[in-house]
Amino acid sequence: MTEYEDGEARGTLLVIDGHSLAFRAFFALPVESFSTAQGKPTNAVWGFASMLSQVINAERPDHLAIAFDVKGGTFRNTMLPQYKGTRDAAPQDLLDQLPLIQRMLDALGVTYIEKPGYEGDDIIGTLATMGEQARYRTLVLSGDRDAFQLVDDWVTVLYPGYHFKDLKHMTPDEVFAKYHVMPAQYPDLAALRGETADNIPGVPGVGDGYAAKWIGKYGSLEALIEHADDIGGKKGEALRANLDQVRLNRKVNALVRDVDLGVTVEDLTFGQVDVDKLDALFDELEFGARTKNRVLKTFNNEETAKTQAAQPQQDENIVLPNGQRAHDVKELRDWASAHLPAPVRRPDVGELPSGNDEATSGIDHSARCSEAIEHSWVLNACGNAKPGRVSTSSVTLLCAGEALVLQAPLDEDLRDALGGIIDAHASGMVVHGYKEQLHLFSALGLALPYPLFDTELAGYLAQPDFHAESLEQAASHFLDIHADQDEPATQGMLDLGADGDVDSDPDAGKLKHAAIIAALARFLAPKLDMCEQFGLLQTLELPVSRVLQKMEAQGAKVDTQRLKDMRDGFAADARQAQEIAWQWAGREVNLQSPKQLSEVLFEDMGLKPTKRTKKGAYTTNADALQTLYMRSVNDERANGFLGALLRHRETNKLKQIVGTLIETINPFDGRIHTTFEQTVAATGRLSSADPNLQNIPNRNAVGREIRSAFIPGEGYESLVSCDYSQVELRIMAHLSGDEALIEAFRSGVDFHRYVASLVHQVPVDQITADQRTHVKAMSYGLAYGLSSYGLAQQLKINPGEAEALKQKYFSTFGKVRDFLESCVSEARRRGYTETMFGRRRYFPALHSTNRSAREAAERAALNAPIQGSAADIMKVAMIRASRALQEAGLKSRIILQIHDELVVEVVPGEAQQVTELVRNAMETAVRLDVPLDVSTGIGADWQLAAH
DNA sequence: AGGGCGACGTA
DNA sequence: CGTACGTCGCCCTC
């Protein structure tokens with residue numbers, strides 16, 4: 001199906017599996033919330049309309065058809081009686097809505113097709129075939145994986161993810177990346193594996209992996225069956241025992257592609273909405289004006305069509321490159337020598353100063369990149385970069401409007417040639433997301449040198465408060481503002497809005513991405529120069545990306561069984577607490593519903609609420625419950641209920657945390673591979689996601705136990721944990737230059753006790769526990785802009801006392817107050833704050849007329865240099881520690897960073913050396929006026945490594 | 001399904 | 001009426 005000459009597509013045809021969409025809508029939306037006053041369910045209709053609108057808005061097809069199954073069996077049922085046994089049991093409530101959906105489609109002027117004796121899938125197969133033969137870019141929306149067999153350069157399957165709107169564009173690369181077979185071989189694979197959803201058994205014990213391996217080896221299912229006797233082991237036996245089933249599966253899952261539908265693609269236009277009909281239907285279903293307008297906006301009419309056509313052109317400054325593919329080393333080399341700029345020798349980026357430099361001298365703030373960007377080129381690999389399950393589908397190179405695409409898998413020669421070219425031209429290389437690219441290239445077996453520029457990191461450094469979720473989002477944020485400044489409009493403009501391919505080129509998406517990266521680089525390089533952030537990019541962020549990529553790839557080994565036991569234990573405790581709470585409440589309230597809880601507490605039990613949430617409801621947070629609990633000593637019922645509720649809150653939260661961890665364990669290596677987000681936190685900190693390993697409980701013994709499930713993996717012996725003591729306070733002492741505070745750190749006495757003795761003017765050994773606690777809270781609160789009101793609340797003292805403490809504190813540490821005030825006033829004057837390393841954060845809200853917004857900005861501006869400097873210091877430490885481990889030839893690896901803590905997985909015999917080396921890297925990351933103390937610990941698990 | 005919100009875990 | 005995050009579950013949508 002791929003033997004087409006080059007040429008423009010005539011348009012886009014969208015083919016939809018109507019039943020699968022209706023099913024999805026029906027089960028996604030609760031009937032209770034979507035029915036008419038008489039109780040007639042409308043959830044499937046509403047959901048269908050909503051999802052259909054979404055797809056149309058995202059893909060903007062000009063032709064559309066929707067396929068439905070029809071009652072009565074097909075040839076498949078005759079062959080396989082249990083066929084779709086699970087699906088045919090559609091609830092009556094859903095079946096009743098199908099005619100309504102079809103009425104809606106009629107009103108919308110959308111063609112729907114059903115054909116007795118055939119399934120919707122066959123109609124889809126036929127329409128897809130018709131679409132590509134008529135030279136339409138054809139999109140098939142289907143939740144049925146059998147549709148993957150239709151995929152080729154002209155046909156893309158839109159496969160809904162967990163959230164419907166995450167439609168995966170299944171192109172030949174994507175299918176290959178996921179299943180390691182070509183789309184045409186997919187039915188062979190599916191026949192071996194079976195399809196639980198459709199009640200079709202495959203070969204027991206054979207999943208996608210084995211099926212792909214066999215098909216890869218023999219070329220096809222047919223060939224495999226011929227050689228079935230050659231396959232050894234249990235899997236081979238299972239295969240031979242199920243040959244009939246597999247053959248049958250293969251017959252059944254082949255889509256018919258030549259049903260006589262009596263229409264042509266040209267007939268499948270849409271957009272002639274019969275508004276009266278639609279009104280009547282929606283009134284009957286009691287849909288509101290908002291729904292109607294949304295649907296009308298999508299389907300009607302010339303007016304909206306015009307604005308859509310006009311809009312994207314306006315803010316375009318991206319030209320689609322000339323793309324070609326390389327299939328062998330020669331093509332690659334020829335393209336590279338013709339198009340890539342001559343390699344320039346450039347000192348390696350990421351060289352951190354060694355030894356005892358001044359705090360910030362490691363960063364060259366005068367480094368500039370605008371000029372180099374003029375001669376740069378873009379490298380961008382596509383695929384799945386999730387640590388632990390990385391797969392790479394293609395690599396794109398782009399320079400000056402000329403692009404080259406390489407399809408994975410690359411054979412060894414091609415891979416090595418690519419690696420050589422990248423290394424030689426690294427000095428001019430631009431990427432978007434170096435860490436992600438490192439993952440993708442490592443899956444190809446290539447190490448990626450430091451690039452000249454990273455548009456994702458650059459965007460973050462230029463505007464740390466803006467976080468782009470995607471390349472497209474970054475592009476529309478950074479680029480459309482300056483629409484008319486760059487290139488003149490030419491043909492081959494790209495539509496930023498739609499994610500889809502442009503016209504006929506199956507590589508258009510990749511070319512577009514590369515072109516966007518090039519444009520972003522051109523836009524961001526001067527910005528970065530202007531705000532002096534390029535040095536930070538080169539010296540800090542890019543090297544940190546490399547460290548983080550290794551940490552993510554390594555992952556953290558966990559004791560799965562132990563986690564499961566913990567989850568069960570917490571679950572049992574939570575259940576027990578729930579039982580007790582229910583007894584006191586006299587009804588089965590959902591303890592996880594603040595709404596239901598406040599009914600019980602404040603209505604049934606008549607308790608007096610404490611505070612409100614920002615939306616006005618009475619809060620049921622831990623603080624409030626604690627207060628109510630104390631107050632209710634004479635109310636047995638309330639006291640009993642609250643006690644149980646508090647226990648439930650705690651154990652249920654722990655159950656939930658452990659459950660989330662278990663779900664993210666990678667089955668292949670029993671490890672948890674988090675993703676460290678480097679461009680999310682506006683202060684310069686990292687964050688951890690999917691799962692978040694930076695918020696594993698640590699404050700009380702029960703929760704802390706979870707840390708004991710984090711253990712060294714095979715070949716490792718222990719975990720070493722190193723953390724900074726009071727970094728933020730030390731930074732505050734250093735930056736403020738307050739002699740008293742500096743002396744407090746140099747004295748070597750217990751810091752908080754020492755500070756308390758100064759504040760209260762009492763000898764160190766006479767400080768009470770309360771005094772120490774209060775002063776400690778004050779110290780930490782300072783860096784957050786804590787008010788005396790807040791301090792009072794936290795310490796449960798009256799505001800007068802809190803204010804007095806604050807006054808005493810500041811009279812002792814006057815320069816600290818001056819420093820904090822200067823942070824804010826400087827930010828107000830310059831518009832931004834700066835960390836010790838020159839990282840900036842902008843605070844426009846400091847000039848807001850809205851008082852609470854302004855004050856919030858003041859607190860954030862006061863905190864940013866402190867939190868941000870701490871983050872920078874840790875980044876330097878990570879780079880140094882990682883390098884030191886490597887240079888010492890050690891096999892131990894950093895696996896986690898929790899803001900001020902590093903966790904290292906240690907190989908037998910290296911513990912001593914690793915500890916000293918990491919400690920040294922952390923302590924000497926910068927030189928401050930106070931010592932940077934690091935405390936370390938070692939143990940057989942994370943909890944035991946604590947100190 | 002998808003968005004908002006409350007609640008709560010960490011530094 | 002303390003900064004910076006991520007995740008879960010509930011609730012609403014008509």
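Chain naming here is simple, since letters A, B, ... match the order of the sequence lines and numbering starts at 1 in each.
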>> Check the phosphate of C/dA4 against A/Arg685, side-chain N and O only, distance under 4.0 Å to OP1 or OP2. Yes or no?
In response: no
> Contact class for A/Lys615 (heavy atom, under 4.0 Å): base, sugar-phosphate, or nothing?
Replying inline: sugar-phosphate
> Looking only at side-chain N and O atoms, does A/Arg24 come under 4.0 Å of OP1 or OP2 in B/dA1?
Replying inline: yes
> Is the phosphate of C/dC1, meaning OP1 or OP2, less than 4.0 Å from a side-chain N or O of A/Ser852?
Replying inline: no
>> Can you measure A/Arg839 atom CZ to C/dA4 atom C1' for me and round it to whole angstrom units?
In response: 13 Å
>> Between A/Arg699 and B/dC8, is there a contact of a side-chain N or O with OP1 or OP2 at under 4.0 Å?
In response: no
>> Tell me the interatomic distance from A/Leu654, atom CG, to C/dT7, atom C1', rounded to whole angstroms.
In response: 14 Å
>> In whole Å, measure the gap between the P atoms of C/dG2 and B/dG4 for me.
In response: 25 Å
>> Below the 4.0 Å mark, does B/dA11 have OP1 or OP2 next to a side-chain nitrogen or oxygen of A/Asn698?
In response: yes
>> Using OP1 and OP2 only, check whether a side-chain N or O of A/Arg704 sits under 4.0 Å from B/dT10.
In response: no
> Less than 3.5 Å between a donor and an acceptor, one on the side chain of A/Arg649 and one on the base of B/dA7, is that the case here?
Replying inline: no
>> Would you say A/Gln794 places a side-chain N or O within less than 4.0 Å of OP1 or OP2 belonging to C/dC1?
In response: no
> When all nucleic acid strands are considered with a 4.0 Å heavy-atom cut-off, which category describes A/Asp690: base, sugar-phosphate, or nothing?
Replying inline: sugar-phosphate
>> Using a 4.0 Å heavy-atom cut-off, does A/Ala681 contact any base of the nucleic acid, only the sugar-phosphate backbone, or nothing at all?
In response: sugar-phosphate
> When the ring centroid of A/Phe819 is compared with that of A/His734, is the distance short of 6.0 Å?
Replying inline: no
> Counting any heavy atom closer than 4.0 Å, what does A/Ser688 reach on the DNA or RNA strands: base, sugar-phosphate only, or nothing?
Replying inline: sugar-phosphate
> Rounded to the nearest Å, what distance is computed from the CZ atom of residue A/Phe602 to the C1' atom of nucleotide B/dG6?
Replying inline: 13 Å
>> If we ignore hydrogens and angles and just use 3.5 Å, is the side chain of A/Gln97 paired with the main-chain N or O of A/Asp93 as donor and acceptor?
In response: yes
> With sugar-phosphate meaning primed atoms plus P, OP1 and OP2, does A/Gly790 contact a base, only sugar-phosphate, or nothing at under 4.0 Å between heavy atoms?
Replying inline: sugar-phosphate
>> Regarding A/Ala682, tell me which of base, sugar-phosphate or nothing describes its non-hydrogen contacts under 4.0 Å with the strands shown.
In response: sugar-phosphate
>> Counting only heavy atoms not in A/Tyr780 (residues, nucleotides, ligands), do more than 12 fall under 6.0 Å from its OH?
In response: yes
>> For a quick test of reading the model: is some side-chain N or O of A/Thr620 closer than 4.0 Å to OP1 or OP2 of B/dA7?
In response: yes
> Does A/Ser825 reach the main-chain N or O of A/Glu821 with its side chain, forming a donor-acceptor pair under 3.5 Å?
Replying inline: yes
> Between B/dA7 atom C1' and A/Asn695 atom CG, what is the distance in whole Å?
Replying inline: 13 Å
> Where along nucleotides 9-14 of chain C does protein come under 4.0 Å, by heavy atom, of base (B) or sugar-phosphate alone (S), with - for untouched nucleotides?
Replying inline: SSSSBB
> Between the main-chain N or O of A/Ile696 and the side-chain N or O of A/Arg707, is there a donor-acceptor pair closer than 3.5 Å?
Replying inline: yes
> Can you check whether A/Phe751 reaches A/Gln726 side chain to side chain, under 4.5 Å on heavy atoms?
Replying inline: yes
>> Under 4.0 Å from OP1 or OP2 of B/dG6: is there any side-chain N or O of A/Thr613 that close?
In response: yes
> Does the side chain of A/Thr660 get closer than 4.0 angstrom to OP1 or OP2 of C/dC8 through an N or O atom?
Replying inline: yes
>> Can you measure A/Leu782 atom CG to B/dA11 atom P for me and round it to whole angstrom units?
In response: 20 Å
> OP1, OP2 of B/dG2 versus side-chain N and O of A/His163: anything below 4.0 Å?
Replying inline: yes
> Do the ring planes of A/Phe710 and A/Trp942 sit parallel (below 30°), tilted (30 to 60°) or perpendicular (above 60°)?
Replying inline: perpendicular
> Under 3.5 Å, is there a donor-acceptor pair between the A/Ser935 and A/Asp723 side chains?
Replying inline: yes
> Which is true for A/Ala870 with a 4.0 Å heavy-atom rule: it touches a base, it touches only sugar-phosphate, or it touches nothing?
Replying inline: nothing
>> Any base atoms under 4.0 Å from A/Arg841, or only sugar-phosphate, or nothing? Heavy atoms, all strands.
In response: sugar-phosphate
> In whole Å, what is the span from the CG atom of A/Leu862 to the P atom of C/dT3?
Replying inline: 10 Å
> Checking all strands, does A/Phe164 fall into the base, sugar-phosphate, or nothing category for heavy-atom contacts under 4.0 angstrom?
Replying inline: sugar-phosphate
> Which whole-number value in Å describes the distance from A/Lys776 NZ to C/dG2 P?
Replying inline: 19 Å
>> From CD1 of A/Ile696 over to C1' of C/dT7, roughly how many Å is that when rounded to an integer?
In response: 11 Å
> Do other residues, nucleotides or ligands put more than 12 heavy atoms under 6.0 Å from the OH atom of A/Tyr618?
Replying inline: no
